[in-house]
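See below for the structure under consideration.
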Amino acid sequence: MTNFSNLFEWLKISNRPKHVKAGIIIFIVWITVVLALTSMSILQAAFTGTMCVFVAMCSVEYIQKNIDAEWDWLDVLSGILFPLIVTLIIYLYGVFK
């Protein structure tokens, strides 16, 4: 990897853009519903949302594995990349404010 544009080339392979979109949608819906219906903090909602997205991505990989595909951890990573970054930003904001 010689430059920054090659750093995330793996995101363009296979159906990973779909995993990214699904992860973002699940995460945003989760955060919205949890904040509207519970008394969780934004950090707690973001953390549980990240775990929810992780479970969803693993479920998709499990289904794909059962139809003779290979388990791909990079697909799971691509799905939880956005939630991880957002959760880390929320955590760091709380630490340094």
Side-chain angles (χ1 to χ4, degrees):
M1 293 185 197
T2 57
N3 60 28
F4 189 75
S5 65
N6 289 335
L7 185 60
F8 292 106
E9 282 295 317
W10 60 272
L11 278 173
K12 297 178 184 175
I13 299 171
S14 182
N15 60 350
R16 291 189 186 131
K18 292 179 184 177
H19 284 268
V20 172
K21 290 175 191 173
I24 290 170
I25 291 169
I26 293 168
F27 185 70
I28 290 172
V29 169
W30 180 273
I31 294 282
T32 305
V33 170
V34 164
L35 291 177
L37 299 179
T38 69
S39 61
M40 278 188 183
S41 70
I42 185 75
L43 180 59
Q44 292 170 329
F47 180 75
T48 57
T50 302
M51 293 300 106
C52 177
V53 172
F54 177 74
V55 169
M57 293 299 122
C58 286
S59 299
V60 169
E61 287 303 309
Y62 179 76
I63 291 168
Q64 289 178 348
K65 187 177 186 295
N66 281 341
I67 57 171
D68 297 330
E70 206 173 295
W71 186 279
D72 190 0
W73 282 108
L74 290 178
D75 281 353
V76 176
L77 177 62
S78 67
I80 65 168
L81 191 60
F82 176 78
L84 281 174
I85 291 170
V86 170
T87 303
L88 182 63
I89 290 170
I90 292 169
Y91 174 74
L92 291 175
Y93 176 76
V95 168
F96 293 112
K97 85 173 180 177

Practice problem: Identify the heavy atoms of M57 and A22 that sit nearest to each other, and give their distance. | Solution: CE-CB, 4.1 Å
Practice problem: Provide the closest heavy-atom pair for V53 versus G79 in the form atom of the first, atom of the second, distance. | Solution: CG1-O, 3.4 Å
Quiz prompt | Whether T38 side chain and L35 backbone form a donor-acceptor pair below 3.5 Å | solution = no
Quiz item: Same cluster for V20 and L81 if Ile/Leu/Val/Met/Phe/Trp/Tyr side chains link at under 4.5 Å?
Solution: yes
Quiz prompt | Cluster link V60 to F27, ILVMFWY, side chain under 4.5 Å | solution = no
Self-check item: Reported CG-to-OG1 distance for the pair L43 and T48, which is rounded to 0.5 angstrom
Solution: 9.5 Å
Exercise. Report the distance from atom CG of D75 to atom CG of N15, rounding to the nearest 0.5 Å.
Key: 5.0 Å
Report all side-chain donor-acceptor pairs from residues 83-93 shorter than 3.5 Å, counting only partners two or more places apart or in another chain.
from: T87; atom 1: OG1; to: A46; atom 2: O; distance (Å): 3.3
from: T87; atom 1: OG1; to: T50; atom 2: OG1; distance (Å): 2.9
from: T87; atom 1: OG1; to: P83; atom 2: O; distance (Å): 2.8

List, one per line, each side-chain donor-acceptor pair under 3.5 Å for residues 62-74, sequence neighbours excluded.
from: D72; atom 1: OD1; to: R16; atom 2: NH2; distance (Å): 3.4
from: D72; atom 1: OD1; to: L74; atom 2: N; distance (Å): 3.1
from: D72; atom 1: OD2; to: R16; atom 2: NH2; distance (Å): 2.6

Quiz item: What pairs of residues pass the salt bridge (charged side-chain N to carboxylate O under 4.0 Å, His left out) test when at least one of them lies in residues 27-53, not counting sequence neighbours?
Solution: none
In the hydrophobic cluster built from side-chain contacts under 4.5 Å, what are the other members alongside [X]?
X: I25; result: V29, V33, L37
X: M40; result: W30, V34
X: M51; result: F47

